[in-house]
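These numbers come from the heavy atoms of this one structure, side chains and all, not from hydrogens, waters or symmetry mates. The structure presented is a predicted model; accordingly, all values stated were derived computationally and were not measured.
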Amino acid sequence: MAPATLDAAGYVFAGLWGALWGSFMNVCITRLPAGESVVSPRSHCRACGERVRWHDNLPVASFLLLRGRCRDCGARFSPLYAIVETLAAALAIALWHRLVAPAVDPAALARALPLWLLHFAFAGVLIVLSFIDLATYRIPNAITYPCIPIFTAASLLVGHERWWDGALGALAGYVSLRLVSDGYFWITGREGMGYGDAKLLALTGGFLGWRSLVPTVFLGSCVGAIVGIALALARRRAGDGEASIRLTRIPFGPFLALGALATFFFGDPFGWWLRVLLAE
């Protein structure tokens with residue numbers, strides 16, 4: 001088989017893998033906040049209770065073919081199902097391009113594939129936590145508590161400069177946002193960032209290392225501020241004259257996740273500052 005064909009097949013495999021796991025991510029996003037098992041019962045329509053047939057459970061394709069409706073009762077499915085599956089597929093392809101496609105020999109490929117699986121698992125956890133936070137303004141401990149030590153330990157495999165980079169990232173990520181959250185509450189008497197955000201930053205810092213913390217928070221805060229301003233302005237245009245940018249409530253978890261992924265894919269724009277400071 002020609003190299004170009006193999007390359008194309010790899011990207012197709014990555015996309016299918018991501019979409020299939022995206023379907024499971026939807027199960028987690030829907031059931032975990034409700035305290036339901038993600039294993040049983042099988043996928044079913046939440047309106048009529050009928051099981052979803054296997055050929056109606058194909059990621060993205062089934063949603064499009066059924067026009068987002070249940071085959072049995074016609075109830076509408078949320079478009080978020082297809083969005084999550086598409087996002088998971090896109091991230092799997094992007095990670096394949098970053099980690100696996102450059103492999104030029106079987107030995108390099110054998111090293112790259114486990115890293116791809118590991119980074120996709122990390123991205124999948126971020127997707128699940130982000131969409132749960134969007135829906136509930138909560139980041140569940142059922143995910144963060146086991147994932148923080150798991151991905152901190154996994155950071156030993158991703159090639160950080162020092163073995164303790166992940167452990168320091170997890171500790172510093174949690175403590176820094178916890179201090180910000182407690183300080184904001186002490187000064188204003190209102191809850192700002194939740195402790196779930198601190199746990200999410202601990203998870204990302206534990207896997208990506210402590211150097212990822214500053215760009216993750218900075219990028220997440222910038223995007224979050226833009227979205228918050230846009231929402232407040234939209235509310236004012238809709239007639240809510242008292243809409244305040246300062247008091248507009250938005251979940252911060254998705255923006256932290258976005259900042260973490262952007263830092264991984266595009267690098268740390270502040271890294272040279274840290275290198276200069278450490279060198280001195």
Side-chain angles (χ1 to χ4, degrees), residues 91 95 98-99 115 118-130 132-133 137-188 190-225 228 250-280:
L91 281 172
L95 289 168
R98 172 71 178 273
L99 298 171
L115 288 177
L118 190 58
H119 282 80
F120 177 73
F122 172 70
V125 170
L126 294 185
I127 291 173
V128 171
L129 291 177
S130 295
I132 290 177
D133 198 16
Y137 291 91
R138 289 287 183 268
I139 294 177
N141 293 333
I143 298 177
T144 55
Y145 278 164
C147 283
I148 290 171
I150 288 172
F151 283 103
T152 299
S155 70
L156 298 172
L157 305 175
V158 301
H160 292 309
E161 290 184 13
R162 302 172 181 86
W163 67 267
W164 44 262
D165 279 354
L168 180 59
L171 178 63
Y174 180 77
V175 170
S176 59
L177 278 200
R178 178 68 184 263
L179 290 175
V180 170
S181 177
D182 289 347
Y184 182 85
F185 182 80
W186 182 74
I187 293 171
T188 66
R190 297 190 306 272
E191 182 180 339
M193 268 180 225
Y195 292 161
D197 295 324
K199 295 166 191 171
L200 174 55
L201 190 61
L203 192 157
T204 60
F207 185 64
L208 298 179
W210 63 273
R211 292 175 180 80
S212 70
L213 295 176
V214 171
T216 292
V217 174
F218 176 77
L219 294 171
S221 299
C222 287
V223 178
I250 57 172
F252 191 43
F255 303 109
L256 283 177
L258 180 63
L261 291 173
T263 299
F264 170 74
F265 279 109
F266 304 111
D268 174 7
F270 307 102
W272 66 276
W273 275 98
L274 291 174
R275 285 190 289 270
V276 169
L277 291 173
L278 291 174
E280 294 178 354

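Between L219 and A262, the shortest heavy-atom distance links the atoms CD1-CB, 4.0 Å. Pairing each heavy atom of A123 with each of L91, the nearest pair is CB-CD1, 4.1 Å. Closest approach of P146 to N141, counting heavy atoms only: CD-O, 3.7 Å. Scanning both residues, F264 and R98, for their nearest heavy atoms gives O-NH1, 2.8 Å. G173 and L213 make their closest contact through N-CD1, 3.6 Å (heavy atoms, listed as atom of the first residue, atom of the second, distance).
If you take CD1 on I132 and CD1 on I127, they are separated by 12.0 Å, rounding to the nearest 0.5 Å. If you take CG on L177 and CZ on F252, they are separated by 7.0 Å, rounding to the nearest 0.5 Å.
Test L208, D165, L115, L99 against V158 for side-chain contact (heavy atoms from CB on, under 4.5 Å) and you get one pass: L115. Evaluated for a side-chain contact (heavy atoms from CB on, under 4.5 Å) with T216, the options L200, L258, L201 yield exactly one hit, L201.
Counting only residues at least two apart or on different chains, no ring pair (Phe, Tyr, Trp, His ring centres under 6.0 Å) pair has a member in residues 153-183.
Side-chain contact between L95 and F265: present, with at least one pair of heavy atoms (C-beta onward) separated by less than 4.5 Å. Using a 4.5 Å heavy-atom threshold, the side chains of L129 and L203 count as touching. When side chains are defined from C-beta on, E161 counts as touching R211, because their heavy atoms get closer than 4.5 Å. In this structure, L171 and W210 have side chains that are not in contact, with every pair of non-hydrogen atoms separated by 4.5 Å or more. Under the 4.5 Å side-chain criterion, counting only non-hydrogen atoms from C-beta, T263 is not in contact with T204. K199 is not listed as a side-chain neighbour of I139, based on a closest heavy-atom distance of 4.5 Å or more.
In this structure F255 satisfies the ring-ring contact (aromatic ring centres under 6.0 Å, His included) test with no other residue, sequence neighbours excluded.
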Please set out all donor-acceptor pairs under 3.5 angstrom arising from side-chain atoms of residues 148-156, sequence neighbours excluded.
residue : atom : partner : partner atom : Å
T152    : OG1  : I148    : O            : 2.6
S155    : OG   : T152    : O            : 2.5
S155    : OG   : G206    : O            : 3.3

